[in-house]
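Notes follow the structure.
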Amino acid sequence: VSHDIDGNLVYLSPQIKDLLGYEVSEALGDWTRFLSDHPINKIGSEISQRAIDLKQAQPPYELELVHKNGHKVWVEIRESPVLENGKVVAIVGSNTDITERKLAEQMLREREELLSVTLRSIGDGMIATDTLGNVVNMNPVAEEMCGWTLEEARGRKITEIFNIIHETSRKPQQNPVLTVLETNTVVGLENHTSLISKQGKEYHITDSAAPIKSAENKLLGVIMVFSDVTEKYQKSRALARSEEKLRHIIENSTNVFYSHDPSHNLTFISPQIFQLLGYTQEEALGDWKNALSDNPINISGVESTFRALETGLAQPTFELELIHKEGRKVLVEVRESPVVIDEKVISVVGSINDITQRRQAEIMLKESEEKFRSLFDFSLDTILLMEGEIIVQCNIAALKVFGCDFEQIIGQPIHKFTPEQQPFGENSETLANEIIEAANLGIAQNFEWLHQRADKTPFYAEVSLNRIEVQGKFVIQANVS
């Protein structure tokens, strides 16, 4: 290529046809008409003018030209001024087609921008190093967790930026980047690893590091990805502590704890099953209904479990009668709840409490109360039970003595069955209340008293008052004879 100082092309080699699609004769003239509107062309024009003004060759520069068919062509220009008698009379040079190189550079920039955006957007920390373990790149998450900006960290050793220790021993951990550089393989962190930031903040992390290799399998550096699992780790630790606490409760409880699947097969049962039914844990596994006796009470218990499985809702406490390995009957109280995941019952968990002795005690108490009632009702002595001065119970003998029925005496004050005054002029109601108050304090009372029947007939009788306990309550027992 040769053009005069006014920019008119005076010579072109035939290769112009391959470069821009023009014949030589078509291309002669003002060379600037081939320029696109790319800003870089202004710089190229200035460099060409500087060669004329300074009368010396300038560094190579680039231009974007427009092909005859309209597409863009990138060229690299190398040119020098031609001097005659110390005056620039022309510029000669060469144009090299660099379009493919420029397209490759643009693609590389786009890929680098994509990588940069990815690094900035990813939720994990990422650090890239060279083959010496020096930091070359890191994303914002890594900056925050390490406490270093990329500008501060670039060029520094990874061991200075990525400071890791063992969570419990607090000893430094082997840096995974160094391990990759030594072994040329992918590596991960050991468990219980903590990252200590530049400011001293601690993160529990997991990570992996991998070699960066060229197409020729040459090691170019290392990429490391790490995640903050502090919250997850804390939850895991809390769960472990909770499980340990639950294990301690289960092992030291007198209750039997269990779980069974929707088919009623026991999947877990605590060791206390041996004390309850005489079976080992392994022997007890299987269909829990096999342990049931033929007591009708079991029907409602089984139905309750079926309802829990069908509805996914906990049912009220129920009782079952089970058969011990030795054949005796064991009465238990059952509390259980279904385990629901994704709106589906996957199991039932619960506890079993042995209530055999309690139920036997209740039966004995009931029998005792019935025996007492029988003795009370059919005793030949007149017996009244009072809360304060109010009659709350009496036996058949009392009805005969006072000449009334139950409706006439129960709920009435005792002074209703005495005349207004005692033989020596005392007010019957006042005196009766004083005697009853003393009896309520636990002081037994024995005295002679003037009574009257329902028909107002008076009669004398010996009376004894004693405080007794009936069904957890203190009452006054009056024996009249």
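Just so it is clear, the values below take in all heavy atoms, side chains as well, and ignore hydrogens, waters and symmetry mates.
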For [range], which residue pairs qualify under salt bridge (Lys or Arg N to Asp or Glu O under 4.0 Å), counting only residues two or more places apart or in two chains?
range            : result
residues 204-223 : none
residues 265-294 : E283-K325, D287-K289
residues 160-179 : R156-E160, E167-R237, R170-E202

Q: Please name all residues satisfying side-chain contact (heavy atoms from CB on, under 4.5 Å) with L220, sequence neighbours left out, ordered by chain then number.
A: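 So L220 forms a side-chain contact (heavy atoms from CB on, under 4.5 Å) with I212, S214.
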Q) Please, which pairs that meet ring-ring contact (aromatic ring centres under 6.0 Å, His included) have at least one residue in residues 132-164, sequence neighbours excluded? A)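 Output for this query lists F162-F226.
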Q. So does E62 pair up with R101, basic N to acidic O under 4.0 Å?
A.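 Salt bridge flag = yes for R101 with E62.
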Under 3.5 Å, which donor-acceptor pairs do the side chains of residues 330-348 form with other protein atoms, sequence neighbours left out?
unit_1 : atom_1 : unit_2 : atom_2 : d
R335   : NH1    : T317   : OG1    : 3.2
E336   : OE1    : Y258   : OH     : 2.4
E336   : OE2    : T305   : OG1    : 2.7

With sequence neighbours excluded, residues passing salt bridge (charged side-chain N to carboxylate O under 4.0 Å, His left out) with [X]:
X    : value
K55  : none
R328 : E326
K17  : E23
E310 : none

Q.
Looking at every heavy atom in both V136 and D130, which two are closest together, and how far apart are they?
A.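 Smallest heavy-atom distance, with atoms named: CG1-N, 4.0 Å.
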Extract all donor-acceptor atom pairs below 3.5 Å that involve side chains of residues 71-79 and protein atoms in other chains or at least two apart in sequence.
unit_1 : atom_1 : unit_2 : atom_2 : d
H71    : ND1    : N69    : OD1    : 2.4
H71    : ND1    : N69    : ND2    : 3.3
W74    : NE1    : E64    : OE2    : 3.4
E79    : OE2    : S48    : OG     : 3.1
E79    : OE2    : Y61    : OH     : 2.9

Q. Taking side chain as C-beta onward, heavy atoms only, is L150 less than 4.5 Å from N137?
A.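 A side-chain contact under 4.5 Å exists here.
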Q.
Run the ring pair (Phe, Tyr, Trp, His ring centres under 6.0 Å) test against F306 and tell me which residues pass, sequence neighbours left out.
A.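 Scan of F306 (ring pair (Phe, Tyr, Trp, His ring centres under 6.0 Å), adjacent residues dropped) gives H264.
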